[in-house]
Structure formats: C-alpha cells, structure tokens
Engineer: 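Next up is a structure, given as structure tokens.
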Amino acid sequence: RLADWCAVHLVQEDGAVSQLAVAHVDPERVAWARRLQEQYPVDPGSDQGVVRVARTGRPEIFPEVTDEMLVAAARDPEHLAILRLVGLTSVMFVPMIARERSVGVITFVAAESRYRYDERDLELTQELARRAALAVDNARLYDAERTARLQAEEAQVRFRGLFEGV
C-alpha cells in the first residue's frame with residue numbers, strides 16, 4: 001500500500017550502509033533486485049540516496065523522478081538502462097533514527113502504480129521508520145547484552161577453574 005518497491009538499509013558499526021531487505025509484490029522482481037544490488041552495491045563514497053540520508057538523518061522526497069535524475073544516479077550505461085526499466089515515478093528515502101542516531105534508511109519507491117509521494121506520505125513513513133528504528137536498536141542492545149552476559153559467564157567459569165586449581 002505504501003510503495004511498489006521498498007528497501008531497508010542498515011548502518012553497520014563501521015558506518016557502512018548495507019541492504020538488509022527488498023520487497024515487491026512479484027517475487028521474481030525481488031530476486032532481480034537482489035542480483036542488481038550485488039552488481040551495484042551501495043557506494044560508501046556517494047553523497048546521494050541512502051548514504052546521504054543515513055549520514056544526515058534527514059529524509060528526502062522526490063515527488064517526480066525525472067530522466068535527468070536517473071542519469072545523475074546511474075553508474076554506467078547499463079545501470080541507467082536498468083533504472084529506466086524499473087520505471088521510477090516517485091521516491092522517498094526515510095531515515096531510521098533511534099537514540100538520536102541513524103540506524104538505517106527505508107526507501108519507498110512508486111513505479112508501476114505511477115503514484116506521486118507528497119508530504120503526507122513522508123509524515124506517515126517517518127513514523128513507520130521511527131518505530132522500525134526502535135525495533136532495530138532494541139535488537140542490537142539485546143544482542144550486545146547477551147554477548148556481554150555470555151562473556152561474563154565464561155570468565156566466571158575460568159576464574160572458578162583457576163581458583164579451584166589453587
């Protein structure tokens with residue numbers, strides 16, 4: 001209902017941005033998009049799209065995607081042909097912010113529906129992204145706590161072994 005295409009990128013501990021998921025109603029298009037991501041991964045040196053939004057924490061909305069925008073975003077002629085084939089009409093890059101830092105970006109793309117995003121769409125997707133960011137942040141905190149607990153338990157076992165040996 002919100003997009004023809006949707007992608008989620010997460011910011012890694014080292015600051016790199018990597019795609020976690022991509023969605024489309026057609027499973028064949030999802031597989032195609034994953035192959036495309038392997039061929040054209042996120043450029044960490046880029047100053048546009050998911051990298052810029054992850055870095056700045058500010059959303060970007062493009063109510064109308066023009067051919068000039070596709071030309072500017074394409075890395076080579078083949079990439080441009082693929083972008084044109086998708087038929088993008090409108091795009092939103094929405095940051096996932098938790099504890100005042102960017103944990104990722106959700107990209108919403110209108111293509112075959114020919115829908116044009118507006119400020120109301122951006123407000124809705126920002127709330128969705130905020131909730132997703134909290135879930136991601138909580139999962140990361142849980143993993144960190146679990147890792148720390150396991151390390152403490154291992155240290156306690158080693159200490160007991162040393163103590164009993166003395």
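The shown structure was predicted, so the numbers you read here are calculated from the model rather than taken from an experiment.
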Engineer: Does any N or O in the side chain of Arg29 come within less than 3.5 Å of the main-chain N or O of His24, such that one atom is a donor and the other an acceptor?
Structural biologist: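 No, the answer is negative, given that no donor and acceptor are paired below the 3.5 Å cut-off.
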Engineer: Please confirm whether the backbone N or O of Asp118 pairs with a side-chain atom of Asp121, one donor and one acceptor, at under 3.5 Å?
Structural biologist: yes
Engineer: When you measure from the side chain of Arg116 to the backbone N and O of Thr89, does any donor-acceptor pair fall under 3.5 Å?
Structural biologist: yes
Engineer: Got a second to check how far Cys6's SG is from Met92's CE, nearest 0.5 Å?
Structural biologist: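 Rounded to the nearest 0.5 Å, the SG-CE separation comes to 9.0 Å.
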Engineer: Using a strict threshold of under 4.0 Å (side-chain N to carboxylate O), is an ion pair present between Glu123 and Arg120?
Structural biologist: no
Engineer: Above 12 or not: heavy atoms from other molecules or residues under 6.0 Å from CD of Glu28?
Structural biologist: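 Check fails, neighbour count at 12 or below.
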Engineer: Spell out, as yes or no, whether a donor-acceptor pair under 3.5 Å connects the side chain of Ser90 to the backbone of Pro63.
Structural biologist: yes
Engineer: Set out, in order, the CA-CA distance, both residues' side-chain angles and the distance that settles side chain to side chain contact (heavy atoms under 4.5 Å, CB included) for Arg99 and Leu141, then state yes or no.
Structural biologist: CA-CA 12 Å; Arg99 293 187 296 143; Leu141 289 171; 3.6 Å; yes
Engineer: Checking the side chain of Asp4 only, and the main-chain atoms of Ala111 only, is there a donor and an acceptor separated by less than 3.5 Å?
Structural biologist: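 At least one qualifying donor-acceptor pair exists.
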Engineer: Do the side chain of Thr125 and the main chain of Leu122 share a donor and acceptor less than 3.5 angstrom apart?
Structural biologist: yes
Engineer: Determine, for Arg131 against Glu127, whether the closest basic-nitrogen to carboxylate-oxygen distance falls under 4.0 angstrom.
Structural biologist: yes
Engineer: Between Val65 and Leu2, is there shared hydrophobic-cluster membership here, with clusters defined by ILVMFWY side-chain heavy atoms closer than 4.5 Å?
Structural biologist: no
Engineer: Surrounding CZ of Arg75 (heavy atoms of other residues, nucleotides or ligands, distance under 6.0 Å), is the total greater than 12?
Structural biologist: yes
Engineer: Say whether Gln48 and Glu60, considering side chains only, have a donor N or O and an acceptor N or O under 3.5 Å apart.
Structural biologist: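 Their side chains do not contain a donor-acceptor pair, so the 3.5 Å distance test is not met.
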Engineer: Can you tell me if Arg149 has over 12 outside heavy atoms packed within less than 6.0 Å of its CZ?
Structural biologist: yes
Engineer: List the steps, then state whether side chain to side chain contact (heavy atoms under 4.5 Å, CB included) holds for Trp5 with Val91.
Structural biologist: CA-CA 9 Å; Trp5 290 92; Val91 176; over 6 Å; no
